[in-house]
Visitor: 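Structure provided below as structure tokens; questions to follow.
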Amino acid sequence: MAGPTRVLLADDHTLVRRGVRLILEGEPDLTVVAEAGDGAEAVELARAREVDLAVLDIAMPRMTGLQAARELSRRLPDLRILILTMYDNEQYFFEALKAGASGYVLKSVADRDLVEACQAAVRDESFVYPGAERALVRSYLDRLHRGVDLPARAVTEREEEILKLVAEGHTTKEIGELLFISAKTVERHRANLLAKLGMRDRLELTRYAIRAGLIDP
């Protein structure tokens with residue numbers, strides 16, 4: 001790759017972005033060319049700008065980092081993706097890999113691990129934060145490539161997108177506009193969510209979204 005690696009940084013906290021930017025731009029081979037405050041903005045910027053690597057927080061408004069990673073992997077398959085998170089959580093870790101991320105870095109040790117993770121991603125190598133078993137990654141990828149069934153998701157990706165937006169208080173019309181689907185389709189997905197999860201209303205969906213890490217409490 002000629003020239004510095006062009007990085008898109010997405011986190012809904014300005015101070016976090018500022019700190020991460022300082023870490024990255026202390027390296028001659030990395031430069032931050034765009035910043036986003038949520039996952040949806042990250043997808044828009046990645047499509048509009050020349051970006052080599054996206055560093056995405058998990059918990060963001062409108063679209064989580066995992067949702068953004070899935071979308072970017074579909075639309076920009078050559079883009080490298082890293083997840084930067086405060087969650088030391090195996091489920092998120094595997095979801096990140098499945099979403100197309102090549103690394104998972106904890107914010108608590110970003111000053112130690114982030115640059116190494118970025119450089120590994122650019123080399124098309126995986127980065128696993130210390131403490132995670134590399135054997136788990138090899139096993140997971142092997143199962144994925146062989147088509148072996150992985151643990152089923154409680155909800156589909158589209159249902160997860162709608163669940164997050166419902167929990168954030170968006171109206172049916174707003175959700176339809178954000179996801180480019182009709183209000184009737186939004187209502188159908190919402191009804192499916194309530195039935196599938198055994199819930200009755202928006203409040204229960206919001207509590208579920210908090211437990212699932214889709215929104216902050």
Side-chain angles (χ1 to χ4, degrees), residues 1-89 92-130 132 157 160-161 164-165 168 178 213-216:
M1 188 178 296
T5 299
R6 296 163 297 193
V7 181
L8 163 66
L9 177 58
D11 193 294
D12 58 323
H13 295 98
T14 304
L15 286 176
V16 173
R17 291 203 309 272
R18 189 176 301 164
V20 173
R21 184 170 194 142
L22 284 172
I23 293 171
L24 296 179
E25 297 205 322
E27 300 297 315
D29 56 344
L30 299 170
T31 182
V32 177
V33 297
E35 293 187 26
D38 61 59
E41 185 183 7
V43 172
E44 293 166 8
L45 285 172
R47 297 181 66 197
R49 304 284 296 272
E50 299 234 358
V51 177
D52 306 308
L53 171 66
V55 178
L56 309 172
D57 181 30
I58 283 186
M60 293 188 289
R62 292 207 297 165
M63 185 183 285
T64 69
L66 293 176
Q67 291 169 344
R70 294 183 198 119
E71 186 72 12
L72 289 170
S73 293
R74 283 194 289 261
R75 293 178 178 270
L76 301 168
D78 292 331
L79 179 68
R80 303 287 184 263
I81 300 170
L82 286 178
I83 297 296
L84 178 64
T85 178
M86 63 190 296
Y87 300 110
D88 185 354
N89 180 297
Y92 286 148
F93 170 63
F94 283 124
E95 286 290 340
L97 292 180
K98 190 175 179 182
S102 58
Y104 188 95
V105 181
L106 298 180
K107 287 183 179 179
S108 58
V109 289
D111 57 335
R112 184 190 71 195
D113 292 343
L114 184 56
V115 170
E116 182 184 344
C118 289
Q119 293 167 341
V122 170
R123 295 192 302 268
D124 203 18
E125 298 173 1
S126 299
F127 177 86
V128 184
Y129 65 95
E157 290 180 12
E160 182 184 272
E161 291 171 343
K164 176 176 173 57
L165 293 170
E168 288 180 346
L178 281 167
L214 294 173
I215 62 172
D216 289 328

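These figures come from a predicted structure and were not determined experimentally.
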Visitor: Hey, could you give me the CG/CG distance between Asp111 and Leu22, rounded to the nearest 0.5 Å?
Guide: 12.0 Å
Visitor: Between the side chains of Asp57 and Lys107, is the shortest nitrogen-to-carboxylate-oxygen separation below 4.0 Å, so that they form an ion pair?
Guide: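 Between Asp57 and Lys107 there is a salt bridge, with a charged N closer than 4.0 Å to a carboxylate O.
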Visitor: Quick check for you: to the nearest 0.5 Å, what is the distance between Leu106 atom CG and Arg112 atom CZ?
Guide: 8.5 Å
Visitor: Could you tell me which non-hydrogen atom of Glu35 sits nearest to which non-hydrogen atom of Leu8, and how far apart they are?
Guide: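 Smallest heavy-atom distance, with atoms named: N-CD1, 4.2 Å.
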Visitor: Rounded to the nearest 0.5 Å, what separation is found between the OG atom of Ser102 and the CG atom of Leu82?
Guide: 5.0 Å
Visitor: Determine, stepwise, if the pair Arg6 / Leu53 fulfils side chain to side chain contact (heavy atoms under 4.5 Å, CB included).
Guide: CA-CA 6 Å; Arg6 296 163 297 193; Leu53 171 66; over 6 Å; no
Visitor: Stepwise, does the side chain to side chain contact (heavy atoms under 4.5 Å, CB included) test hold for Met60 with Glu41?
Guide: CA-CA 10 Å; Met60 293 188 289; Glu41 185 183 7; over 6 Å; no
Visitor: Any donor-acceptor pair under 3.5 Å linking the side chain of Arg75 with the backbone of Arg47?
Guide: no
Visitor: Could you check Leu72 against Leu56 for side chain to side chain contact (heavy atoms under 4.5 Å, CB included), going step by step and ending with a plain yes or no?
Guide: CA-CA 11 Å; Leu72 289 170; Leu56 309 172; 4.2 Å; yes
Visitor: Return the minimal non-hydrogen interatomic distance between Ala99 and Leu66, and the atom names on each side.
Guide: CB-O, 3.9 Å
Visitor: Is a side-chain donor or acceptor of Arg49 paired with a backbone partner of Val33 at a separation under 3.5 angstrom?
Guide: yes
Visitor: Could you report the tightest heavy-atom contact between Ala46 and Val51, atom names first, then the distance?
Guide: CA-CG2, 4.4 Å
Visitor: Could you tell me whether the side chain of Thr64 and the main chain of Leu214 form a donor-acceptor pair under 3.5 Å?
Guide: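 No; judged by distance alone, with no hydrogens or angles, the pair does not exist.
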Visitor: Checking side-chain contact (heavy atoms from CB on, under 4.5 Å) between Pro61 and each of Ile215, Asp38, Leu165, which is the one that passes?
Guide: Asp38
Visitor: Please find the pair of heavy atoms, one from Leu30 and one from Pro4, that lie closest to each other, and give the distance.
Guide: N-CB, 4.2 Å
Visitor: Nearest 0.5 Å, what's the CE-CZ distance between Met63 and Arg70?
Guide: 10.0 Å
Visitor: Could you report the tightest heavy-atom contact between Gly100 and Ile81, atom names first, then the distance?
Guide: O-CB, 4.3 Å
Visitor: For Glu160 and Gln67, test the side chains for any donor-to-acceptor distance below 3.5 angstrom and give the result as yes or no.
Guide: yes
Visitor: Once rounded to the nearest 0.5 Å, what's the spacing between atom CG of Leu24 and atom CG of Leu114?
Guide: 5.0 Å
Visitor: Test Thr5 against Cys118 for side chain to side chain contact (heavy atoms under 4.5 Å, CB included), laying out the working first.
Guide: CA-CA 9 Å; Thr5 299; Cys118 289; over 6 Å; no
Visitor: Answer yes or no: are there more than 12 heavy-atom neighbours, outside Arg74 itself, under 6.0 Å from its atom CZ?
Guide: yes
Visitor: Quick one: does Arg80's side chain have a donor or acceptor within less than 3.5 Å of a partner on Ala121's backbone?
Guide: yes
Visitor: Check Leu9 against Arg17 and note the closest heavy-atom contact, atom names and distance.
Guide: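 For Leu9 and Arg17, the tightest heavy-atom pair comes out as CD2-O, 3.3 Å.
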Visitor: Could you measure the distance from the CG atom of Asp11 to the CE atom of Met86? Nearest 0.5 Å is fine.
Guide: 10.5 Å
